[in-house]
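A short write-up of the structure that comes next.
Order of the sequence lines fixes the chain letters, A, B, ..., with proteins taken first and strands second; residue numbering starts at 1 for each chain.
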Amino acid sequence: MAKPPQHAISPTRNEDYPEWYQQVVRAADLAEISPVRGCMVIKPWGYSIWENMQQALDRKFKETGHVNAYFPLFIPMSYLEKEAAHVEGFAKECAVVTHHRLESDGQGGLQPAGPLDEPLIVRPTSEAIIGELYAKWIQSYRDLPILINQWANVVRWEMRTRLFLRTTEFLWQEGHTAHATEAEALEETRTMLDVYADFAENYMAMPVIRGEKTAEERFPGAVATYSIEALMQDRKALQAGTSHFLGQNFSRAQEIKFQDEEGKEAYAWTTSWGVSTRLVGGLIMTHGDDDGLIVPPRLAPLHVVILPVLRDDDSTTAVLEYCQRVRDALMAQNYDGQSVRVLVDQRDLRGGEKTWQHIKKGVPVRVEIGPRDVESDSCFVGRRDQGPKEKKGIPRSEFTSTIATLLGEIQDNLYARALERRREATEKIDNLDDFRDFFTPRQKNTSELHGGLAYCYFSECEEMPSILKELKVTLRCVPFDETPGKGKCLFTGNASSTIGVFAKAY
RNA sequence: CGGGCUGUAGCUCAGCUUGGCUAGAGCGCUGCGUUCGGGACGCAGAGGUCGAAGGUUCAAAUCCUUUCAGCCCGACCA
């Protein structure tokens with residue numbers, strides 16, 4: 001008998017976090033790198049999690065008055081030239097379509113032909129094309145607000161890619177709204193940030209900090225960028241969603257004008273906001289452990305997997321029938337407004353092997369059912385937020401009737417754990433030595449989890465950028481939830497009344 | 001786009017320095033048997049034009065040239 005390894009994932013988080021991440025993506029069968037440079041294939045388990053995210057978000061968008069539409073993948077290059085800062089921000093990472101045909105090169109190969117008069121850009125984001133249409137659609141204050149969202153893929157030609165966190169092509173949603181007044185647009189920007197934060201915390205069980213980005217980190221062309229920032233288990237921050245107040249920058253560039261109630265011509269106030277498949281990466285790094293992924297119940301493709309323990313005797317039929325009964329009873333229950341999602345895994349695999357597959361995929365609840373359980377009318381239940389061997393027998397009817405409570409407990413527990421991890425990794429720091437110390441690993445040669453979130457007073461000064469660069473630290477945001485008093489800028493010692501959240505980041 | 005490295009089975013790699021017979025291992029896969037509530041074992045098998053093109057040679061995974069692709073480190077990023 002080979003001794004089983006201690007953990008399903010090797011290396012562990014402590015040993016090599018980036019490698020652990022990749023191994024979890026693989027072990028949980030979420031996605032794989034594709035033959036196409038920088039692009040990933042999202043496999044059914046990973047896509048299903050994304051679908052559940054989409055579903056929850058889409059419902060929230062609609063509850064806040066938005067509707068879905070779809071705009072073209074291609075953007076004429078001239079459209080992108082209109083907003084100067086926007087161009088500069090995205091020009092370096094645009095895929096460009098210059099031809100519309102292929103022809104034989106005479107040697108069995110193909111070559112592009114039919115050059116386009118004007119190149120088309122594969123959208124890196126859609127402000128440029130959507131604004132162009134809004135300009136046509138908006139004539140009167142009666143046409144406002146326009147509150148549209150689209151689910152789409154976008155392409156940004158990144159130099160280095162990591163599954164879900166940064167890929168050349170990714171899936172996302174982008175909301176684009178236009179308003180008659182500044183106040184209304186600002187409120188929209190803030191509302192959508194709150195929608196994201198609510199989703200992150202209550203669905204993903206991932207605590208986030210809401211805040212505003214500083215000028216350097218702002219979306220190209222925006223007046224203000226708000227973001228939600230989450231802390232991963234390696235103590236690096238992940239920007240999980242952004243909401244931009246675009247002011248009139250885009251409407252001036254794109255001539256999005258309307259006549260107001262007094263008959264005067266005015267430029268619309270616009271916003272845009274988005275979250276992407278990057279959230280799946282955030283989910284992995286928030287909850288995953290050394291046995292693989294843990295999916296919060298509200299987003300889990302499967303809530304419960306039933307694993308029949310079959311022997312080579314005549315108990316098989318009884319066990320399978322019992323499994324069906326348990327399945328039916330579970331599916332009759334409601335969790336989070338939907339029927340509980342259950343699978344009886346009858347594949348012809350060894351029990352241990354099968355169990356571990358589901359552990360690695362992060363299914364919240366596993367139920368082993370064998371002759372013993374049929375005999376005692378009970379279920380042998382394991383929770384993914386607990387150790388693989390912490391399984392216990394529960395009377396069948398009690399288990400099936402309280403499944404929603406159990407799933408709710410797991411959801412809450414995951415959030416509580418994540419919040420506690422963040423709390424442990426958060427410090428208020430008021431001098432530069434401590435700051436350097438906080439972000440410097442103890443060991444030189446091995447990778448080490450270190451750092452976290454540092455709350456510090458700061459000012460936009462000359463000293464800050466070089467120190468941050470040296471430490472590979474970034475200013476994540478100016479958090480909304482902090483009420484600053486009087487402090488001193490960490491970098492200059494000058495008086496400051498602005499608190500920033502600093503962290504190493506993805 | 002600068003610096004370093006790697007392309008050999010589905011995956012991870014050995015073999016290359018010093019050219020030589022039918023190109024290997026582990027994992028995975030298929031079959032049979034024993035197993036099965038913490039990741040099994042035994043036996044038998046399938047699977048490769050050694051990234052591509054050209055050259056040197058009696059002989060090339062191995063040496064030379066060209067080329068393509070990928071990875072890592074820098075500048076950029078949801």
Side-chain angles (χ1 to χ4, degrees), chain A residues 1-10 18-19 22-23 26-27 32-38 88-94 107 109 124-125 152-162 164-174 196 213 216-217 219-220 225 227-230 237-244 272-282 291-292 306-313 315-316 319 348-360 366-376 378-382 387-393 469 472 474 505-506:
Chain A
M1 280 285 236
K3 201 174 174 186
Q6 223 162 354
H7 302 289
I9 304 298
S10 176
E19 181 60 24
Q22 294 195 340
Q23 292 304 324
R26 194 218 290 247
E32 63 186 46
I33 54 172
S34 75
V36 184
R37 181 209 145 91
E88 192 172 339
F90 285 106
K92 282 167 290 188
E93 48 189 49
C94 285
Q107 293 160 25
T125 177
N153 57 339
V154 289
V155 167
R156 297 182 187 176
W157 213 263
E158 302 285 357
M159 286 299 106
R160 197 170 312 152
T161 57
R162 286 186 74 191
F164 289 113
L165 296 173
R166 180 169 299 113
T167 46
T168 300
E169 179 192 22
F170 58 95
L171 306 183
W172 77 347
Q173 63 62 221
E174 47 183 327
Y196 289 154
K213 290 287 190 186
E216 295 82 55
E217 303 269 334
F219 177 75
T225 288
S227 76
I228 52 171
E229 302 282 332
L238 181 78
Q239 180 175 310
T242 48
S243 185
H244 313 292
S272 68
W273 29 274
V275 295
S276 71
T277 37
R278 177 177 242 204
L279 289 177
V280 178
D291 289 326
I306 298 175
L307 304 155
V309 179
L310 302 176
R311 299 206 176 124
D312 239 358
D313 56 29
S315 66
T316 299
V319 169
D348 181 22
L349 282 179
R350 289 179 32 77
E353 173 74 24
K354 207 191 280 189
T355 303
W356 279 97
Q357 283 186 11
H358 293 289
I359 291 174
K360 288 186 279 194
R366 301 180 309 279
V367 185
E368 290 169 24
I369 290 177
R372 292 207 297 263
D373 309 288
V374 176
E375 184 72 22
S376 63
S378 64
C379 296
F380 203 53
V381 178
K389 59 179 167 185
E390 285 178 59
K391 296 178 283 194
K392 62 178 181 186
K469 191 172 177 185
K472 293 185 176 170
T474 55
Y506 277 93

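Shown here are the salt bridge (Lys or Arg N to Asp or Glu O under 4.0 Å) partners of K213(A), two or more places apart in sequence or in another chain: E229(A). For E169(A), the side chain to side chain contact (heavy atoms under 4.5 Å, CB included) partners at least two apart in sequence or on another chain are C39(A), N153(A), V155(A). A search for side chain to side chain donor-acceptor pair (under 3.5 Å) contacts involving S10(A) returns nothing, not counting sequence neighbours. Evaluation of the side chain to side chain donor-acceptor pair (under 3.5 Å) rule for T168(A) yields no partner, not counting sequence neighbours. Every residue two or more places apart in sequence or in another chain that forms a salt bridge (Lys or Arg N to Asp or Glu O under 4.0 Å) with E32(A) is listed here: K43(A). Listed by chain and residue number, E368(A) satisfy the salt bridge (Lys or Arg N to Asp or Glu O under 4.0 Å) test with K391(A) (two or more places apart in sequence, or in another chain). In this structure, the ring pair (Phe, Tyr, Trp, His ring centres under 6.0 Å) partners of F219(A), at least two apart in sequence or on a different chain, are H86(A), F90(A), H244(A).
With contacts defined as side-chain heavy-atom distances shorter than 4.5 Å, the pair V154(A)/P124(A) does not qualify.
If you take OG1 on T167(A) and CZ on R156(A), they are separated by 10.5 Å, rounding to the nearest 0.5 Å. In this structure, F380(A) CZ and R372(A) CZ are separated by 7.0 Å, a value rounded to the nearest 0.5 Å.
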Intra- and inter-strand pairs of RNA chain B in dot-bracket (Watson-Crick or G-U wobble, both distances under 3.5 Å; | for another strand): (((((((..((((......[...)))).((((((.....)))))).....(((((..]....))))))))))))....
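Neither OP1 nor OP2 of rG39(B) sits under 4.0 Å from any side-chain N or O of K389(A). A sub-4.0 Å separation between OP1 or OP2 of rC36(B) and a side-chain N or O of K354(A) is absent.
Note on Q239(A): only backbone sugar-phosphate atoms sit closer than 4.0 angstrom, heavy atoms only; bases stay farther off. Contact annotation for K213(A): no contact, since no heavy-atom pair falls under 4.0 Å across all strands. At a threshold of 4.0 angstrom between heavy atoms, the contacts of P220(A) with the nucleic acid are absent. Using a 4.0 Å heavy-atom criterion, one finds that S276(A) contacts the bases of the nucleic acid, with or without backbone contacts as well. Residue contacts shown for L307(A) are absent, as no nucleic acid heavy atom lies under 4.0 Å away. Using a 4.0 Å heavy-atom criterion, one finds that K472(A) contacts the sugar-phosphate atoms exclusively.
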Which pairs, protein N/O on one side and nucleotides 27-35 of chain B N/O on the other, fall under 3.5 Å?
residue: rU35(B); atom: O2; partner: R350(A); partner atom: NH1; Å: 3.2

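Closest to the side chain of R372(A), from the set rA75(B), rG74(B), rG37(B), is rG37(B). Among the nucleotides rA78(B), rG39(B), rG37(B), the one closest to any side-chain atom of T167(A) is rA78(B). For K391(A), counting side-chain heavy atoms from C-beta on, the closest listed nucleotide (rG39(B), rG38(B), rG37(B)) is rG38(B). Closest to the side chain of K469(A), from the set rA75(B), rG37(B), rG39(B), is rA75(B). Here the side chain of R26(A) is nearest to one of rC11(B), rC76(B), rG37(B), namely rC11(B).
Residue ring and nucleobase are stacked for F170(A) and rA78(B), with a centre distance beneath 5.5 angstrom and an angle between planes beneath 30°.
One can place CZ of F164(A) at 14 Å from C1' of rA78(B), the figure rounded to the nearest angstrom. rC72(B) atom P lies 9 Å from atom CD1 of I33(A), rounded to whole Å.
For the P atom pair drawn from rG28(B) and rC73(B), the interatomic distance equals 30 Å after rounding to whole Å. Comparing the P positions of rC11(B) and rG48(B) gives a spacing of 13 Å, expressed to the nearest Å.
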